[in-house]
Amino acid sequence: DTAVSQTPKYLVTQMGNDKSIKCEQNLGHDTMYWYKQDSKKFLKIMFSYNNKELIINETVPNRFSPKSPDKAHLNLHINSLELGDSAVYFCASSHRGVYGYTFGSGTRLTVV
Amino acid sequence: TQLLEQSPQFLSIQEGENLTVYCNSSSVFSSLQWYRQEPGEGPVLLVTVVTGGEVKKLKRLTFQFGDARKDSSLHITAAQTGDTGLYLCAGEPGGTSYGKLTFGQGTILTVHP
């Protein structure tokens with residue numbers, strides 16, 4: 001199946017821990033993104049990579065660090081997790097010049 | 001910062017009724033995209049409109065892009081229970097801001113049998 005797949009689906013962790021979320025797309029897209037959806041369902045972009053190069057870096061605490069080993073993968077590492085980081089994180093991909101984005105099914109992060 | 005005001009936030013209707021969801025901004029977008037999101041899943045692209053005044057139809061769904069490319073609407077005719085879900089509009093600025101989608105707050109649609 002062609003898709004954007006992210007793991008894990010659910011992540012429950014304690015404050016202060018470090019965690020990673022992985023994302024892979026097999027659509028041949030050249031651009032990948034991380035979005036955060038809050039409890040009110042509002043989606044906001046965090047980062048974007050085009051061919052492994054960081055092109056969008058919104059106002060996100062530097063505890064969040066994206067890494068793109070190749071254009072099919074974009075991982076998100078979060079250090080020193082805080083209660084306010086609890087949200088659903090979505091990975092997405094697109095092809096530059098082509099409108100429309102394909103989203104993964106999300107990772108629900110709960111910090112306790 | 002570009003903002004997209006989406007309304008209404010909640011919509012509860014009976015099967016067979018018509019409805020319209022609006023997305024408005026003071027900014028111009030190169031494209032306006034509509035997504036539908038089911039619980040526990042990511043948003044799924046329904047349509048993209050790119051030309052001012054453009055109208056696109058997807059079965060019972062009609063999407064319109066305003067002439068000035070600042071607003072859009074989604075109209076559903078004869079709603080069905082399967083239309084229930086979260087509808088999101090998203091604007092793309094274009095140019096050097098490619099990929100920086102601005103989402104509306106979403107419309108939670110519930111269609112009752």
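All chains are named by letter (A, B, ...) in the order of the sequence lines, taking the proteins before the strands, and each is independently numbered beginning at 1. Just so it is clear, the structure is predicted and the values come from calculations on it, not from any experiment.
- Nearest heavy atom pair, residue K41(A) against residue L88(B), reads O-CD2, 4.3 Å.
- Between chain A and the residues G106(B), P43(B), S31(B), the most heavy-atom pairs under 4.5 angstrom are made by P43(B).
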Take L45(B) and T102(A), measure what side chain to side chain contact (heavy atoms under 4.5 Å, CB included) needs, and give me the verdict at the end.
CA-CA 7 Å; L45(B) 180 68; T102(A) 303; over 6 Å; no
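- In this structure, no portion of Q9(B) lies under 4.5 Å from any heavy atom of chain A.
- Of the two parts of V50(B), only the side chain, counted from C-beta on, holds a non-hydrogen atom closer than 4.5 Å to a non-hydrogen atom of chain A.
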List the steps and the verdict of side chain to side chain contact (heavy atoms under 4.5 Å, CB included) for F90(A) and E41(B).
CA-CA 9 Å; F90(A) 286 98; E41(B) 297 296 326; over 6 Å; no
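- Between L43(A) and Y35(B), the closest side-chain pair of non-hydrogen atoms is not below 4.5 Å.
- The hydrophobic cluster containing W34(A) does not contain F103(A), counting ILVMFWY residues as joined when their side-chain heavy atoms lie under 4.5 angstrom apart, directly or transitively.
- If you chain together hydrophobic residues whose side chains sit under 4.5 Å apart, M15(A) and I78(A) fall into the same group.
- Contact check for Y101(A) versus Q33(B): side-chain heavy atoms found under the 4.5 Å cut-off.
- Under a hydrophobic clustering in which Ile, Leu, Val, Met, Phe, Trp and Tyr are joined whenever their side-chain heavy atoms come within less than 4.5 Å, directly or via other members, I21(A) and I56(A) fall into different clusters.
- For K9(A), the part lying near chain B is the side chain, with the backbone staying farther off; criterion is any non-hydrogen pair under 4.5 Å.
- By the criterion of side-chain heavy atoms lying less than 4.5 angstrom apart, applied directly or through intervening Ile, Leu, Val, Met, Phe, Trp or Tyr residues, Y87(B) is grouped together with L4(B) in one hydrophobic cluster.
- Hydrophobic cluster membership differs between I45(A) and L74(A), with clusters built from Ile, Leu, Val, Met, Phe, Trp and Tyr side chains linked at under 4.5 angstrom.
- Looking at Q6(A), neither its backbone nor its side chain comes within 4.5 Å of chain B, counting heavy atoms on both sides.
- Enclosure of atom OH in Y22(B) is not indicated, since only 12 or fewer non-hydrogen atoms of other residues, nucleotides or ligands lie within 6.0 angstrom.
- Residues of residues 104-112 of chain A that come closer than 4.5 Å to chain B, counting heavy atoms only, are G104(A), S105(A), ordered by residue number.
- Heavy-atom contacts from other residues, nucleotides or ligands closer than 6.0 Å to NZ of K67(A) number 12 or fewer.
- The environment of NZ in K22(A) is sparse: at most 12 heavy-atom neighbours from other residues, nucleotides or ligands sit within 6.0 Å.
- Taking the side chain as every heavy atom from C-beta outward, K100(B) and Y33(A) never approach each other to under 4.5 Å.
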